[in-house]
Amino acid sequence: MAVKKKTTKRKTTTKKKAVPKKKAAPKKKATKSKAKKPAFGGYAISFAGRTETAEQIFGKKPIAPSEMTKKIWAFVKSKSLSNR
């Protein structure tokens, strides 16, 4: 004997109501306290009042960026410009 399967009709999906989008909050203006925030990472190097030129620090020949970084840090440490 063959058993007949019952067929059930599924309900069609109902339309969802559109949810209104929330308005973005207005951006806050930068305060003066953020301008005086210390340097990220704990280092603050002041080159104010220095008279050396880049040519005096790096030399006249072209060098790689990694060498520039090494020479800048050697200069900062030799002149005690960092806050550490």
Side-chain angles (χ1 to χ4, degrees):
M1 277 196 203
V3 178
K4 290 187 178 180
K5 292 184 179 177
K6 291 185 180 179
T7 57
T8 58
K9 292 184 180 180
R10 291 187 178 186
K11 292 183 181 179
T12 57
T13 57
T14 57
K15 293 182 181 179
K16 294 183 180 180
K17 293 181 181 178
V19 178
K21 293 182 180 180
K22 294 182 181 179
K23 292 183 181 179
K27 293 182 180 179
K28 295 180 180 178
K29 293 181 182 178
T31 59
K32 291 182 181 180
S33 62
K34 287 189 177 185
K36 295 181 182 181
K37 188 175 180 181
F40 179 75
Y43 284 102
I45 300 171
S46 174
F47 290 101
R50 303 305 312 173
T51 58
E52 293 85 358
T53 62
E55 193 174 85
Q56 291 172 333
I57 296 170
F58 300 125
K60 293 185 179 185
K61 295 182 181 179
I63 59 173
S66 59
E67 289 297 317
M68 283 184 179
T69 304
K70 290 176 185 177
K71 289 191 177 201
I72 287 173
W73 278 110
F75 177 76
V76 166
K77 289 177 183 176
S78 68
K79 304 290 183 179
S80 300
L81 298 177
S82 69
N83 64 349
R84 287 192 173 191

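Owing to the predicted nature of the structure, the values given are computational and were not obtained by experimental measurement.
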Nearest 0.5 Å, what's the CE-CD1 distance between Met68 and Ile63?
5.0 Å
Interatomic spacing from CD in Gln56 to CZ in Arg50 - rounded to 0.5 Å:
10.5 Å
Minimum-distance pair of heavy atoms, taken over all atoms of Ser82 and Val76
N-CG1, 3.8 Å
